[in-house]
Each structure stands twice: as C-alpha cells, then as structure tokens.
A.B. asks: 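Sharing a structure here in structure tokens format.
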Number of protein chains: 2
Amino acid sequence: MDRKLSTTGIYRLALYNRYLNGLHRGESDYVSSQELADATGHTAAQVRKDLTCYGSLGEPSKGYKIRKLKALLARIFGKEEARNVILVGVGNLGMALLAYKGFQIQRFNIVASFDMDTKKIGKRIENVMIYHINDLDSVVADTKAQVAIVSVPASSAQEVINKLVSAGIKAILNFAPSSLIVPEGIELQNVDLSVELDRLYYLLKNPH
Amino acid sequence: MDRKLSTTGIYRLALYNRYLNGLHRGESDYVSSQELADATGHTAAQVRKDLTCYGSLGEPSKGYKIRKLKALLARIFGKEEARNVILVGVGNLGMALLAYKGFQIQRFNIVASFDMDTKKIGKRIENVMIYHINDLDSVVADTKAQVAIVSVPASSAQEVINKLVSAGIKAILNFAPSSLIVPEGIELQNVDLSVELDRLYYLLKNPH
DNA sequence: TGGTGTGAACCGATTCACAGCA
DNA sequence: TGCTGTGAATCGGTTCACACCA
C-alpha cells in the first residue's frame with residue numbers, strides 16, 4: 001500500500017470521496033467498483049486499481065464497505081484533522097469564496113483572510129477576519145494553516161506567493177491568471193477560469 | 001496540420017496564449033520554444049510538438065513570429081468571433097464571475113445571466129441582465145451563445161444542464177460539485193473548488 | 001551558430017483478462 | 001455466481017536526439 005498515484009488518480013479519488021459523501025445510504029452497506037465508476041465517469045478496473053494502492057479492503061462478491069472506504073478517504077485527504085486554510089485577496093472572487101458553503105461541507109475552514117486595501121482591514125466577511133498582508137507570518141503561525149487560496153490580481157500574485165512561502169505555507173490554490181514559481185516542496189495548483197473557457201472553445205471549434 | 005491534441009495539450013496551448021497576451025513586446029519580434037517553455041513550466045520540445053500540429057510556422061534560428069503565433073492561437077480558440085457566454089446561477093460565486101474582469105481581457109462576453117429567485121430577475125449586475133430560467137431558450141437564440149457557465153447548487157445542476165442542452169448550448173463550464181451527464185457531442189468541463197483543495201491536502205500528506 | 005521539425009525510444013497510465021475468494 | 005485484486009498487454013503522451021535550415 002501507499003504506492004504512487006498519478007495526478008489524475010488523486011483527482012479520481014477526490015471524486016469517489018465526493019460521491020460517497022453525497023450518498024445517503026446505510027453506512028454498513030457496500031458499493032461496487034462499478035457503481036463508483038458509473039457515478040464518476042470512469043471504469044470499474046480503474047476504480048479498483050486506484051483503491052488497491054491503499055491496501056485491499058474490498059470484499060469478493062460484495063464490494064467495498066462504505067464506512068471503511070469513507071474512513072480511508074478521510075485519512076488520505078487529511079479530513080481527520082482541522083483543515084485550516086487562509087485566503088489572500090478579498091476582491092469579488094475572494095468574497096465569493098469566503099461565502100462558499102461547499103468548503104464547510106468538505107471540512108475546510110477558512111480561518112483568516114488578507115488584503116492590502118486599508119478600508120477592508122479589520123472587517124469580517126462571513127465571520128472571517130480580514131488582516132493586512134503584513135500580519136501574514138503571525139496569523140499563519142497562530143492558525144497553523146498549511147494551505148492558502150490566492151485570489152489577487154496577476155500583477156501581484158508572485159509577490160504574494162513569495163510571502164506565503166516564507167510565512168510557512170506549504171500548498172497554494174492559485175486563481176491569478178499567471179504562471180508562478182514556487183520552491184521545491186511547495187505544492188501549487190492553478191485554476192484559471194479563462195483558460196477553462198478557452199479549452200471549451202477549442203473543443204467547439206475542433207470537434208474530435 | 002489540425003492533428004489531434006491531447007486534453008493537456010489544449011491546456012498548454014491556452015497557457016502559451018495567455019503568456020503572449022501578457023507580453024508587451026514588439027509584435028514583429030520572435031519567441032523561442034524555450035522561452036514559451038520557461039514561461040509556462042514545460043519543455044521546449046513539448047512546445048514545438050504542440051505548435052507543429054498547426055503547421056510549421058517557426059523559423060530556424062529565429063523562433064516563432066509573435067504576431068503570427070497570436071493570430072494562430074486566436075483562430076484556434078475562436079477569438080476572432082464574439083465569444084458570447086451565458087451564466088446560470090447568480091449566487092455569490094455567480095456574481096463574482098460576472099464581475100471578473102479577466103473574462104473581458106480574454107475576450108469573453110457574458111451576455112446574459114439566469115436565476116430562479118424572482119427578487120433578482122430583471123436586475124442588472126455589472127450591466128448583465130438577470131433573466132428567469134424559463135427565458136433560457138429565447139435568450140440563447142437571440143444571443144447565439146454556445147457556452148454556459150453553471151454556478152447553481154449541486155442539487156439543481158443536472159436539471160439546469162438538461163435545460164441548457166435543449167436550449168442549444170454546446171459547451172458547459174460547471175462549478176457545481178456534482179458528476180453530471182451530458183449527451184454525446186456536448187462538452188463539459190468541471191471545476192470543483194473542494195476537489196482542488198483535496199488534491200493539495202493529498203499532496204501534503206503523501207509527499208512524493 | 002541557434003533554433004525548428006520530427007521520427008524513435010521511452011515511460012507511465014489505462015485497459016484487459018482472468019485467477020481467487022466468499 | 002459476483003466482484004475484487006493484479007500481472008500482462010496496450011495505448012498514448014513525453015522526451016530524446018539529431019537532421020535540417022536561415
């Protein structure tokens with residue numbers, strides 16, 4: 001177990017996780033690899049390959065016990081501990097993210113937010129305090145947050161990222177439309193909304 | 001030319017596109033595959049492979065002429081025409097997307113939005129009218145929009161998607177945390193913010 | 001000399017097929 | 001019988017190495 005899983009494999013695992021959480025069925029019941037495959041748009045063999053990386057908890061002719069599977073996924077994704085996240089950039093998108101209920105459902109807590117606009121500092125949005133970016137180090141230390149969401153303009157994204165890294169942040173979800181550089185060992189995940197739309201337009205114009 | 005490009009290849013192409021648009025350099029100048037590679041975090045060979053799918057417009061010992069490359073990418077991503085997009089679900093996230101300036105920069109026009117909340121209908125956010133979801137068919141026909149952004153709760157996402165498809169929408173960018181089914185020929189791109197955070201936590205807990 | 005275009009080699013992920021077990 | 005676990009085969013994308021050209 002604990003064998004390597006590809007980037008897309010992690011993505012699938014998160015999808016199985018999401019499906020199970022939305023499943024209101026007796027927790028002593030079972031799911032088959034086929035059911036998980038259908039629910040997430042993959043194949044049964046793929047699901048089994050993904051899951052056997054973490055030991056063989058499937059039972060022949062029955063499937064996977066939901067309770068066990070949920071526990072495994074919770075452990076893999078660190079849901080057992082508090083998943084404290086900070087957010088930098090309380091503009092339109094940042095505010096929407098603060099208000100997004102889905103994070104709470106998936107057990108993420110946005111514990112602090114940061115901005116440069118002095119008019120915003122000290123206010124609370126959705127009960128999350130807005131600090132000045134200069135307070136980053138102390139707040140990160142206090143909250144023990146390891147993950148940050150960046151929703152600042154592209155022009156200041158690299159600067160913000162540098163500050164986050166030196167404050168001790170280990171992983172970053174970046175919404176700024178900019179290619180950023182992080183040191184070895186720091187995880188960076190980019191979400192560029194325009195790029196996603198570009199992909200769709202590509203597919204429209206270049207049907208397969 | 002017009003050979004098949006993988007999903008991740010399209011993504012890289014969109015990144016080259018973004019880099020070139022941010023480049024304020026004489027348009028008669030050249031970029032090398034190496035420069036594009038460095039700017040987007042890939043390799044030079046990869047960049048060349050991606051670009052040669054669309055004919056050989058690189059010039060030996062010089063690189064790619066920026067103006068030509070921009071024109072090619074604009075054509076590939078349909079930027080020559082109006083890229084009219086509609087948005088369904090004017091909640092927190094929806095409003096933030098309406099206000100997001102990056103879409104205009106990348107030449108996307110959100111031409112209409114939809115909701116079910118009668119208190120919102122008829123208002124304008126960022127100069128975009130909010131219609132009732134029942135008006136979908138006529139507005140899609142009028143605006144000739146082919147792409148929709150979905151930012152409704154997971155519970156109503158499938159229903160909304162069905163309506164979009166029957167209204168003639170061809171591609172969908174979905175923010176609802178739910179696995180959705182679309183007919184053959186309709187493109188669906190999912191962005192689940194919790195799943196992205198899950199990936200980061202996976203990487204934190206399972207260092208490579 | 002410097003950078004493109006591209007076949008060949010490589011590598012990793014997905015699929016297949018089937019043994020094994022309740 | 002039904003569904004898991006898994007080696008083997010397959011498939012596709014990435015990297016390499018180098019011919020070619022201004």
Side-chain angles (χ1 to χ4, degrees), chain A residues 1-16 19-20 25 28-70 72-73 199 202-203 206 208, chain B residues 1-16 19-20 23 25 28-73 199 202-203 206 208:
Chain A
M1 63 183 289
D2 256 20
R3 267 233 311 295
K4 206 54 169 298
L5 201 56
S6 67
T7 313
T8 62
I10 302 166
Y11 178 76
R12 286 192 301 269
L13 231 47
L15 253 42
Y16 308 151
Y19 175 70
L20 291 176
R25 195 192 288 179
S28 56
D29 277 337
Y30 290 79
V31 271
S32 65
S33 55
Q34 188 63 56
E35 179 180 345
L36 283 169
D38 292 343
T40 57
H42 300 100
T43 67
Q46 181 94 75
V47 173
R48 293 200 297 275
K49 265 267 158 69
D50 289 339
L51 293 180
T52 47
C53 288
Y54 295 92
S56 37
L57 49 74
E59 299 172 33
S61 92
K62 294 176 120 181
Y64 300 85
K65 193 158 202 167
I66 292 181
R67 189 166 46 77
K68 276 186 156 183
L69 196 46
K70 278 188 175 178
L72 172 67
L73 290 166
R199 284 168 85 160
Y202 176 95
L203 295 169
N206 308 272
H208 33 209
Chain B
M1 61 186 291
D2 256 19
R3 269 232 311 295
K4 208 52 168 301
L5 200 57
S6 68
T7 311
T8 62
I10 302 166
Y11 178 75
R12 286 191 301 268
L13 232 46
L15 255 42
Y16 309 150
Y19 175 69
L20 291 176
L23 209 57
R25 195 191 291 179
S28 56
D29 277 338
Y30 290 79
V31 270
S32 66
S33 56
Q34 188 62 56
E35 178 180 346
L36 284 169
D38 292 342
T40 59
H42 300 99
T43 66
Q46 181 92 75
V47 173
R48 293 200 298 274
K49 265 267 158 68
D50 290 340
L51 293 180
T52 48
C53 288
Y54 294 92
S56 38
L57 47 74
E59 298 172 34
S61 93
K62 293 177 121 179
Y64 299 85
K65 192 158 203 167
I66 292 180
R67 189 166 46 77
K68 275 186 155 183
L69 196 47
K70 277 189 175 179
L72 171 69
L73 290 167
R199 285 167 84 162
Y202 176 94
L203 295 169
N206 308 271
H208 32 212

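Naming: A, B, ... by sequence-line order, numbering from 1 per chain.
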A.B. asks: Below 3.5 Å, can you tabulate the donor-acceptor pairs from side chains in residues 55-62 of chain B to any protein atom, sequence neighbours excluded?
C.D. replies:
residue, atom, partner, partner atom, Å
B:Glu59, OE1, B:Tyr30, OH, 3.2
B:Glu59, OE2, B:Tyr30, OH, 3.4

A.B. asks: So does A:Ser33 get a side-chain nitrogen or oxygen closer than 4.0 Å to the phosphate oxygens (OP1/OP2) of D:dG2?
C.D. replies: no
A.B. asks: Counting side-chain heavy atoms from C-beta on, which of D:dT15, D:dT14, C:dT6 comes nearest to B:Thr43?
C.D. replies: D:dT15
A.B. asks: Atom CD1 in B:Ile10, atom CG in A:Leu203: separation rounded to 0.5 Å?
C.D. replies: 4.5 Å
A.B. asks: Whole-Å distance between D:dA8 C1' and A:Lys49 NZ?
C.D. replies: 9 Å
A.B. asks: How long is the line joining CG of A:Asp50 and P of D:dG5, in whole Å?
C.D. replies: 12 Å
A.B. asks: Please, which pairs that meet salt bridge (Lys or Arg N to Asp or Glu O under 4.0 Å) have at least one residue in residues 32-48 of chain A, sequence neighbours excluded?
C.D. replies: A:Arg25-A:Glu35
A.B. asks: Could you tell me the separation between the CG atom of A:Leu51 and the P atom of C:dT14, rounded to a whole number of Å?
C.D. replies: 14 Å
A.B. asks: So which one's nearest nucleotide on DNA chain C is more toward 5', A:Ser6 or B:Glu59?
C.D. replies: B:Glu59
A.B. asks: Rounded off to whole Å, could you give me the CZ-to-C1' distance for the A:Arg48 and D:dG7 pair?
C.D. replies: 13 Å
A.B. asks: Between C:dT4, D:dG5, C:dA22, which nucleotide gets closest to the side-chain atoms of A:Ser56?
C.D. replies: D:dG5
A.B. asks: Side chain of B:Ser32: nearest nucleotide among C:dT4, D:dC21, D:dG5?
C.D. replies: C:dT4
A.B. asks: Choosing from D:dT6, C:dT4, C:dG5, which nucleotide comes nearest the side chain of A:Thr52?
C.D. replies: D:dT6
A.B. asks: How close or far is atom C1' of C:dT6 from atom CG of B:Leu57, stated in whole angstroms?
C.D. replies: 15 Å
A.B. asks: For the pair made of CD in A:Gln46 and P in C:dA17, what is the distance, rounded to whole Å?
C.D. replies: 16 Å
A.B. asks: Which whole-number value in Å describes the distance from B:Asp29 CG to C:dG3 C1'?
C.D. replies: 16 Å
A.B. asks: Report the end-to-end axis angle of the helix from C:dT1-D:dA22 to C:dA22-D:dT1; each axis comes from five terminal pairs, and the value is rounded to 10°.
C.D. replies: 10°
A.B. asks: Report yes if the side chains of A:Tyr16 and A:Asp50 come closer than 4.5 Å at any heavy-atom pair, otherwise no.
C.D. replies: yes
A.B. asks: So B:Tyr64 and B:Leu72, do their side chains get closer than 4.5 Å, heavy atoms only?
C.D. replies: no
A.B. asks: What's the verdict on side chain to side chain contact (heavy atoms under 4.5 Å, CB included) for A:Leu36 and A:Leu69, showing C-alpha distance, side-chain angles and the deciding distance?
C.D. replies: CA-CA 11 Å; A:Leu36 283 169; A:Leu69 196 46; 4.0 Å; yes
A.B. asks: Could you state the atom-to-atom distance from CD1 of B:Ile10 to P of D:dG13 in whole Å?
C.D. replies: 10 Å
A.B. asks: Looking only at side-chain atoms of B:Tyr64, point me to the closest of C:dG5, D:dC3, D:dT14.
C.D. replies: C:dG5
A.B. asks: Nearest to the side chain of B:Ser61, heavy atoms from C-beta on, is which of C:dG20, D:dG5, C:dG3?
C.D. replies: C:dG3
A.B. asks: Would you please test B:Leu23 and B:Val31 for side chain to side chain contact (heavy atoms under 4.5 Å, CB included) and show each step?
C.D. replies: CA-CA 10 Å; B:Leu23 209 57; B:Val31 270; 4.1 Å; yes
